[in-house]
Amino acid sequence: MVIKSPSVARGGHGSQSLAILICMLAIVAVKINGAALNESVYFYDLEASSKQAIVEIVLQDHEIVDMGRFDRGKLIAKAANLTSISWAHAVNSQQLLAEALSGDIDMIEADIVLGQLNGEGHNLPVMAHPPANVSDLTLEDFLYQIKAHNEVNEGAEKGVKLDFKSIEVFEGSLDILDETIPKMTYPVWINADIIAGPVEQNKSVPVDPARFFAGCMRYKQAVLSIGWTTNWGADFRDGEYTQPQCDAMLRAINDNNVTSTGQAITFPVRAGIAANSAQQLHNLVAAVNGTNESTLTIWSSANDYVDVERLRKLIFSFGVERVYLDVPEELSSQLDLGNTGNGAGTFNSLVGFSFVSICFWAISSWLKSV
């Protein structure tokens, strides 16, 4: 470009040097952040451009979600990093519930079976994980204590995820849920494994999807957390959520008119298996996103084998705005998603992208002034 204006020519060397410096900084920022940005945006964005999503996140000036804002039980994230949400897992006793309520966590996950309270009396919904069926905490009291806590801790409410282990305990809990869920002003998820899944899993019986969805229709504000039975551990390496298993999940959703409700859906997937199943999971989420806001919830048992690098790649291929992470602390640290310190990795990339925009704005402003 040749600048012929005499007034510009007098100070041209300094201005051109400034422009060149700005361009160089922009190029460096693009090289540093481009790969991360590309990884965090997949081909199916929900009727929104990537530029709109970027601007929305950057302007929020947050690196973690604000758990203080709720809308009829749905989590609203001011900053789109769902991996930042912290979990208390398998809160199946009075002691564990007290610790979770007093702790610095966002979501409380617990299991429900038909069993006895303190080994006495008739069977009723209690908090326990099979094969256990005795607990010192009933579902009714579990929900009451969380509600009581949230009523006096505005801005620090706890969300709840209810993992029903059989269709019998789910249907046996409907009266309790009818009484409690409509009064909830904080996140509530209803979870069940409704499809037989990997790897050669035949120990657990899936919850009947038709009966499960029929009950869930009563709670439109609840997030539907619907997954597969799984078989995995420290010695496993090969295994995936196969396309037929994902197709079976999609059929269950369509056959039971879940798409007509618009209810939010999250697919709980086991970390070690999910890492091997990127394409199938993308296909599933893409198929559901047209009618129901959908996410993944990645979970793991303590001794599970996980290909950390492949799992990390999976998370960023969806974007941290679409993935909840409920895994042991050791695995979370190995993933290094940037949820501690001064900011999340994806958020930093977005800030870098914003910096590039500022650079080009500065160049444009300079050109207009000459």
Side-chain angles (χ1 to χ4, degrees), residues 62-79 81-113 115-119 124-129 132 134-165 173 176-177 179-191 221-223 225 266 268 297-302 324-333 335 337-341 344:
H62 281 273
E63 67 197 42
I64 57 173
V65 293
D66 180 357
M67 290 295 294
R69 290 185 59 202
F70 303 110
D71 179 17
R72 291 189 59 77
K74 285 186 179 180
L75 174 65
I76 296 178
K78 282 186 176 180
N81 186 356
L82 301 183
T83 67
S84 296
I85 294 174
S86 55
W87 295 77
H89 193 75
V91 182
N92 296 330
S93 70
Q94 184 62 64
Q95 178 181 344
L96 292 175
L97 178 58
E99 292 173 359
L101 290 175
S102 62
D104 185 21
I105 57 95
D106 303 315
M107 292 287 289
I108 298 175
E109 187 271 351
D111 308 293
I112 306 100
V113 300
Q116 292 180 308
L117 178 64
N118 296 319
L124 72 167
V126 298
M127 315 311 292
H129 190 286
V134 174
S135 177
D136 64 352
L137 185 61
T138 65
L139 171 63
E140 186 173 19
D141 197 34
F142 174 85
L143 293 174
Y144 172 79
Q145 290 185 50
I146 293 175
K147 182 174 182 293
H149 168 88
N150 287 344
E151 286 176 346
V152 297
N153 288 275
E154 183 178 355
E157 295 95 333
K158 314 291 188 185
V160 60
K161 176 181 176 180
L162 303 172
D163 187 355
F164 291 94
K165 294 304 183 182
S173 302
I176 298 171
L177 300 181
E179 178 64 25
T180 54
I181 288 183
K183 300 175 184 177
M184 293 181 178
T185 56
Y186 43 90
V188 55
W189 294 13
I190 303 177
N191 181 88
Q221 76 267 41
V223 173
S225 177
T266 190
T297 298
I298 296 176
W299 65 276
S300 180
S301 294
Y324 295 91
L325 192 65
D326 179 14
V327 299
E329 179 59 34
E330 181 180 1
L331 175 56
S332 180
S333 298
L335 286 168
L337 299 177
N339 292 331
T340 59

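If you read the sequence from its start, that first residue is 1, and numbering goes on from there.
Among residues two or more places apart in sequence or in another chain, the ring pair (Phe, Tyr, Trp, His ring centres under 6.0 Å) test is passed with W299 by none. Every residue two or more places apart in sequence or in another chain was checked for a ring pair (Phe, Tyr, Trp, His ring centres under 6.0 Å) with F142, and none qualifies.
The existence of a salt bridge linking D163 and K161 is excluded, since no basic side-chain nitrogen approaches an acidic carboxylate oxygen closer than 4.0 Å.
In this structure, the side chain of K158 engages the main chain of I105 through a donor-acceptor pair within 3.5 Å. Although no hydrogens or angles enter the test, the distance criterion places no donor-acceptor pair under 3.5 Å between the side chain of T297 and the main chain of T266. Side-chain N or O atoms of D106 include none that pairs as donor or acceptor with a backbone N or O of I85 at under 3.5 Å. Side chain of N153 to backbone of H149: a donor-acceptor contact under 3.5 angstrom is found. Side chain of Q221 to backbone of I181: a donor-acceptor contact under 3.5 angstrom is found. In terms of modelled atom types and a separation under 3.5 Å, the side chain of E109 and the main chain of A90 share a donor-acceptor contact. At least one donor-acceptor pair under 3.5 Å links the side chain of E157 to the backbone N or O of G155.
When all heavy atoms of V113 and A128 are compared, the closest pair comes out as CG1-O, 3.3 Å. Here the closest heavy-atom approach between residue S300 and residue P328 is recorded as O-CD, 3.5 Å. The two residues S225 and N191 have their closest heavy-atom pair at OG-OD1, 2.6 Å. Shown here for S332 and L325, the closest heavy-atom pair between the two residues is OG-CD2, 4.3 Å.
Contact of the L177 side chain with the L162 side chain is registered, since non-hydrogen atoms from C-beta on lie closer than 4.5 Å. Residues M127 and I112 have side chains in contact (heavy-atom distance under 4.5 Å, counting atoms from C-beta outward). For the pair Y324/M107, no side-chain contact is recorded, criterion being any heavy-atom separation below 4.5 Å from C-beta on.
D136 CG to Q116 CD: the interatomic distance, rounded to the nearest 0.5 Å, is 13.5 Å. Of the inter-residue distances, the one linking T83 atom OG1 with L335 atom CG reads 9.0 Å to the nearest 0.5 angstrom. Distance CG/L82 to CD1/I298: 11.0 Å, rounded to 0.5 Å. Atoms CD and CD, from Q94 and Q145 in turn, are 4.0 Å apart once rounded to the nearest 0.5 Å. Interatomic distance, L139 CG to F164 CZ, rounded to the nearest 0.5 Å: 5.5 Å. With values rounded to the nearest 0.5 angstrom, D326 atom CG is found 10.5 Å from L331 atom CG.
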Which donor-acceptor pairs under 3.5 Å do side chains of residues 96-104 form with protein atoms, sequence neighbours excluded?
residue, atom, partner, partner atom, Å
E99, OE2, Q95, NE2, 3.2
S102, OG, A98, O, 3.0
S102, OG, E99, O, 3.2

* Going through the distances and angles, do M184 and L143 end up as a side-chain contact (heavy atoms from CB on, under 4.5 Å)? -> CA-CA 10 Å; M184 293 181 178; L143 293 174; 3.8 Å; yes

* Asked: Checking side-chain contact (heavy atoms from CB on, under 4.5 Å) for the pair N92/S135: CA distance, chi angles, key distance, verdict?
  -> CA-CA 7 Å; N92 296 330; S135 177; 5.5 Å; no

